[in-house]
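Along the sequence shown, the residues carry numbers beginning at 1.
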Amino acid sequence: MLIFESGNISMSRGDVDDLLGQGWVMDNHLNAYSVVIGAKRRRTPQKIRSFLYVSPNHEYYKRSNARNYTTLISHITEEAVNSSEIIIMPCHLTSHWALLVCWIKEQRWEFFDSLPSSLHRAGIRANLKALQDDVPEAFPEGFVNWPVADAVGVPCQDNSWDCGVFVVKFMEVISSTETVSWADQKNWQEDMPRFRAEIVAEIFKTFSSSISESIARLDSSDA
């Protein structure tokens, strides 16, 4: 059952059940949460960094030869890059979610991995090269070769299925202008049920108008 659809983002009852249970976080969950962060920035710009989000769907759709994959990168322009403090780029690497964050002015990347492994880092440069190839005019020269450092002291998972929730939390923390001590963030794993419920609540709040439209369509079809 489709709960709402907005642009390239849709959410079904199954997607919500996955989030509230122990299911995998998928591309549409991450894309929806990027909209949540954007809505927060519009409400309180002093609390949220300016950011550019790169959907993980882009590379998947491109590999699948989907004709509409360019719609996922149409917002990535030189102006958008220059007006952003960070680039947020979730990466699906060998059945695992991790997060790449670019600190644009500092010309460096930071890699957030809740299950650290050298295998997860192996595809980073290829992902960056593919992005630059698709929108070469958007990024500064040398963008692909900027240094990539592992984020130090970040929370880690102790199972094989919560990586996507960790990525959402990394997105939330990194986008905030508040100074964060990762030493104070060590209990994420035990807070997973609460985090999952909060993510669903924030998505529903942000997409409330789209949800209302879906309900209205259902009501009209039942009439």
Taking atom [atom1] as the centre, does [X] end up with more than 12 heavy-atom neighbours from other residues, nucleotides or ligands that are less than 6.0 angstrom away?
X: R43; atom1: CZ; result: yes
X: M192; atom1: CE; result: yes
X: E137; atom1: CD; result: yes

Hydrophobic clustering (ILVMFWY, side-chain heavy atoms < 4.5 Å, transitive) - are [Y] and [X] grouped together?
X: V200; Y: M26; value: no
X: V180; Y: V165; value: yes
X: Y33; Y: W161; value: no
X: L30; Y: L20; value: yes
X: F204; Y: M171; value: yes

### Query
According to the interplanar angle, ranging from 0 to 90°, do the rings of W188 and F166 count as parallel (below 30°), tilted (30 to 60°) or perpendicular (above 60°)?
tilted
### Query
Where does the angle between the aromatic ring planes of F143 and F139 fall among parallel (under 30°), tilted (30 to 60°) and perpendicular (over 60°)?
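Rings of F143 and F139: parallel, as their planes differ by under 30°.
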Heavy-atom distance under 4.5 Å between the side chains of [X] and [Y], does that happen here?
X: R41; Y: S50; value: yes
X: Q22; Y: N159; value: no
X: V173; Y: V154; value: no
X: V101; Y: F51; value: no
X: F195; Y: D162; value: no
X: W146; Y: L128; value: no

### Query
Would you say the side-chain atoms of D113 and H96 include a donor-acceptor pair closer than 3.5 Å?
yes
### Query
Does a donor on one side chain sit under 3.5 Å from an acceptor on the other, for S34 and N31?
no
Kindly give the heavy-atom pair with the smallest separation between [X] and [Y], and that separation in Å.
X: C91; Y: L100; value: SG-CD1, 3.7 Å
X: I174; Y: R49; value: O-NE, 2.9 Å
X: P116; Y: H120; value: C-ND1, 4.5 Å
X: S83; Y: A80; value: OG-O, 3.2 Å
X: S95; Y: W24; value: O-CH2, 3.4 Å
X: W182; Y: P155; value: CE3-CD, 3.6 Å

Is it true that a side-chain atom of [X] and a backbone atom of [Y] form a donor plus acceptor pair closer than 3.5 Å?
X: S114; Y: V167; value: no
X: Q189; Y: D158; value: yes
X: R196; Y: L19; value: yes

Rounded to the nearest 0.5 Å, what separation is found between the [atom1] atom of [X] and the [atom2] atom of [Y]?
X: Q157; Y: C163; atom1: CD; atom2: SG; result: 5.0 Å
X: I87; Y: I104; atom1: CD1; atom2: CD1; result: 4.0 Å
X: M11; Y: N28; atom1: CE; atom2: CG; result: 5.0 Å
X: W109; Y: I124; atom1: CH2; atom2: CD1; result: 9.5 Å
X: T77; Y: L52; atom1: OG1; atom2: CG; result: 8.0 Å
X: E178; Y: I48; atom1: CD; atom2: CD1; result: 8.5 Å

### Message
Are W97 and F170, when compared by the centres of their aromatic rings, separated by less than 6.0 Å?
### Response
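Between F170 and W97, which both carry aromatic rings, the centre distance is not below 6.0 Å.
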### Task
Could you walk me through whether L131 and I76 pass side-chain contact (heavy atoms from CB on, under 4.5 Å), step by step?
CA-CA 10 Å; L131 179 62; I76 302 175; 4.0 Å; yes
### Message
Set out, in order, the CA-CA distance, both residues' side-chain angles and the distance that settles side-chain contact (heavy atoms from CB on, under 4.5 Å) for I199 and V36, then state yes or no.
### Response
CA-CA 9 Å; I199 293 167; V36 171; over 6 Å; no
### Message
What verdict does the side-chain contact (heavy atoms from CB on, under 4.5 Å) test give for D27 and H92, after you've listed the backbone C-alpha separation in whole Å, the side-chain angles of each residue and the deciding distance to 0.1 Å?
### Response
CA-CA 9 Å; D27 309 54; H92 195 240; over 6 Å; no
### Message
Set out, in order, the CA-CA distance, both residues' side-chain angles and the distance that settles side-chain contact (heavy atoms from CB on, under 4.5 Å) for V168 and H29, then state yes or no.
### Response
CA-CA 9 Å; V168 170; H29 298 128; 5.8 Å; no
### Query
Is the closest basic N to carboxylate O distance between E172 and K169 below 4.0 Å?
yes
